[in-house]
Amino acid sequence: MYVEQIISRLKELYPEGYLQVNRDPFYLLISTVLSQRTRDEVTIPTSQRLFSVLDTPEKMATADVDEIQELIRDVGFYKVKSQRLIDISRMLLDEYEGIVPDDINELVKLPGVGRKTANCVLSYAFDKDVIAVDTHVHRISNRMGLVETDTPEETEIELEKVVPKDMWKEINGLMVLFGKSICKPVSPKCDKCIMNDICPKLI
DNA sequence: AAAACGGGGGC
DNA sequence: GCCCCAGTTTT
């Protein structure tokens with residue numbers, strides 16, 4: 001069907017999937033927070049720099065805010081995020097024995113962690129069947145007629161009805177790659193798009 | 001529902 | 001120089 005066709009083409013286009021992310025839950029949690037409203041060209045080296053110095057909740061919880069600010073100064077909202085990394089680490093140690101929880105309701109209690117970040121951790125680090133809806137997934141799903149929604153929360157609910165469950169965890173990475181290169185927010189490259197023949201925007 | 005946070009990269 | 005970006009929290 002239509003959804004399977006879209007995902008199948010995306011997998012063909014991006015056979016290696018979305019980068020080779022470090023699947024360690026703590027690394028994934030922290031780097032995903034850093035990635036909020038920030039391009040991954042900036043996020044990836046910044047995360048690696050941070051973890052070369054502070055690679056555990058214990059170290060991050062006791063670090064100086066100034067030291068973290070210096071390490072992550074390239075990402076957006078870096079001052080707010082620096083304090084949040086400390087607060088997240090402290091809460092992990094205080095309430096979760098230093099272990100990143102694999103439950104959406106617990107993850108969103110962490111400061112600076114919303115539904116999108118939590119679902120990224122669940123799908124990438126814990127291999128859970130969830131759909132992480134960011135602006136790319138939201139935009140492309142609507143543009144291609146998979147859903148008709150106004151908010152990412154709505155999109156998550158509607159996509160779950162339309163997409164086979166075994167595809168949930170892969171659509172985020174695939175649509176992010178697609179959204180950055182082809183199906184862009186403004187001036188999408190429809191003339192070079194592999195969805196040319198099935199995209200409702202062009203029919 | 002809207003504002004605020006914010007440096008980096010593309011054009 | 002201007003606009004946008006793997007969102008979340010606060011007002």
Quiz prompt | Whole angstrom value for the distance that separates C1' of B:dG7 from CZ of A:Arg49 | solution = 12 Å
Practice problem: Please figure out whether A:Gly112 or A:Ser31 has its closest DNA chain C nucleotide nearer the 5' end. | Solution: A:Ser31
Quiz item: Is there side-chain contact between A:Lys116 and A:Cys120, with at least one heavy-atom pair below 4.5 Å?
Solution: yes
Quiz item: Between A:Ile140 and A:Cys183, what is the shortest heavy-atom contact and its length?
Solution: CG1-SG, 3.9 Å
Close N/O contacts between protein and nucleotides 8-11 of chain B (under 3.5 Å):
{"residue": "B:dG8", "atom": "OP1", "partner": "A:Asp74", "partner atom": "OD1", "Å": "3.1"}
{"residue": "B:dG8", "atom": "N2", "partner": "A:Arg39", "partner atom": "NE", "Å": "3.4"}
{"residue": "B:dG8", "atom": "N2", "partner": "A:Arg39", "partner atom": "NH2", "Å": "3.2"}

Quiz item: With respect to A:Arg115, which candidate in A:Val113, A:Asn119, A:Thr117 satisfies the side-chain contact (heavy atoms from CB on, under 4.5 Å) definition?
Solution: A:Asn119
Quiz item: With sugar-phosphate meaning primed atoms plus P, OP1 and OP2, does A:Gly76 contact a base, only sugar-phosphate, or nothing at under 4.0 Å between heavy atoms?
Solution: base
Quiz item: Any side-chain donor-acceptor pair under 3.5 Å between A:Asn142 and A:Thr149?
Solution: yes
Exercise. Grab the CG-C1' distance between A:Leu110 and C:dG7 for me, whole Å please.
Key: 15 Å
Practice problem: Assign A:Val113 to base, sugar-phosphate, or nothing according to its heavy-atom contacts below 4.0 angstrom with the strands shown. | Solution: sugar-phosphate
Quiz prompt | Distance, rounded to the nearest Å, where A:Leu85 contributes CG and C:dT8 contributes P | solution = 14 Å
Quiz item: So, A:Ser31 versus A:Tyr124: side-chain donor-acceptor pair below 3.5 Å or not?
Solution: no
Quiz item: At under 4.0 Å between heavy atoms, what does A:Thr43 touch on the DNA or RNA strands: base, sugar-phosphate, or nothing?
Solution: nothing
Quiz item: Just checking A:Thr135: base, sugar-phosphate only, or nothing, at a heavy-atom cut-off of under 4.0 Å?
Solution: sugar-phosphate
Quiz item: A:Ser35 side chain to A:Val33 main-chain N or O, any donor-acceptor pair under 3.5 Å?
Solution: no
Quiz item: Which whole number of Å gives the distance between the P atom of B:dG8 and that of C:dT8?
Solution: 22 Å
Exercise. Mind checking A:Phe77 for me? I need base, sugar-phosphate or nothing, with any heavy atom below 4.0 Å counting as a touch.
Key: base
Quiz prompt | Side chain A:Asp102, main chain A:Phe126, donor-acceptor under 3.5 Å | solution = no
Exercise. Tell me which nucleotide among C:dC5, B:dG7, C:dT8 gets nearest to the side chain of A:Pro185.
Key: C:dC5
Quiz prompt | Nearest-angstrom distance from the residue atom CZ of A:Arg37 to P of C:dG7 | solution = 6 Å
Exercise. Would you kindly give the CD-to-C1' distance between A:Gln36 and C:dC4, to the nearest whole Å?
Key: 17 Å
Quiz item: According to the ring pair (Phe, Tyr, Trp, His ring centres under 6.0 Å) rule, which pairs have a member within residues 77-97 of chain A, sequence neighbours left out?
Solution: none
Self-check item: Donor-acceptor pair, side chain of A:Arg49 and main chain of A:Leu71, under 3.5 angstrom
Solution: yes
Self-check item: Pairwise P distance, B:dA3 and C:dC4 [rounded to whole Å]
Solution: 15 Å
Quiz item: Taking only N and O in the side chain of A:Thr38, is any of them less than 4.0 Å away from OP1 or OP2 of B:dG6?
Solution: no
Quiz prompt | Bracket notation of DNA chain B in which parentheses pair within the strand, [ ] cross earlier pairs, and | pairs with another strand (Watson-Crick or G-U, under 3.5 Å) | solution = |||||.|||||
Quiz item: Which whole-number value in Å describes the distance from A:Arg139 CZ to C:dC5 C1'?
Solution: 11 Å
Quiz item: Under 4.0 angstrom, heavy atoms only, what part of the nucleic acid is A:Val80 near: base, sugar-phosphate, or nothing?
Solution: sugar-phosphate
Exercise. Write down the distance between CD (A:Glu70) and C1' (B:dG7), rounded to a whole number of angstrom.
Key: 14 Å
Exercise. Calculate the interatomic distance between A:Gln69 atom CD and B:dC5 atom P; express it in whole Å.
Key: 15 Å
Quiz item: Start at the 5' end of DNA chain C and walk down; is the nucleotide closest to A:Val186 or to A:Ala118 reached first?
Solution: A:Val186
Exercise. Check whether any side-chain N or O of A:Glu67 sits under 3.5 Å from a backbone N or O of A:Ala63 as a donor-acceptor pair, and report yes or no.
Key: no
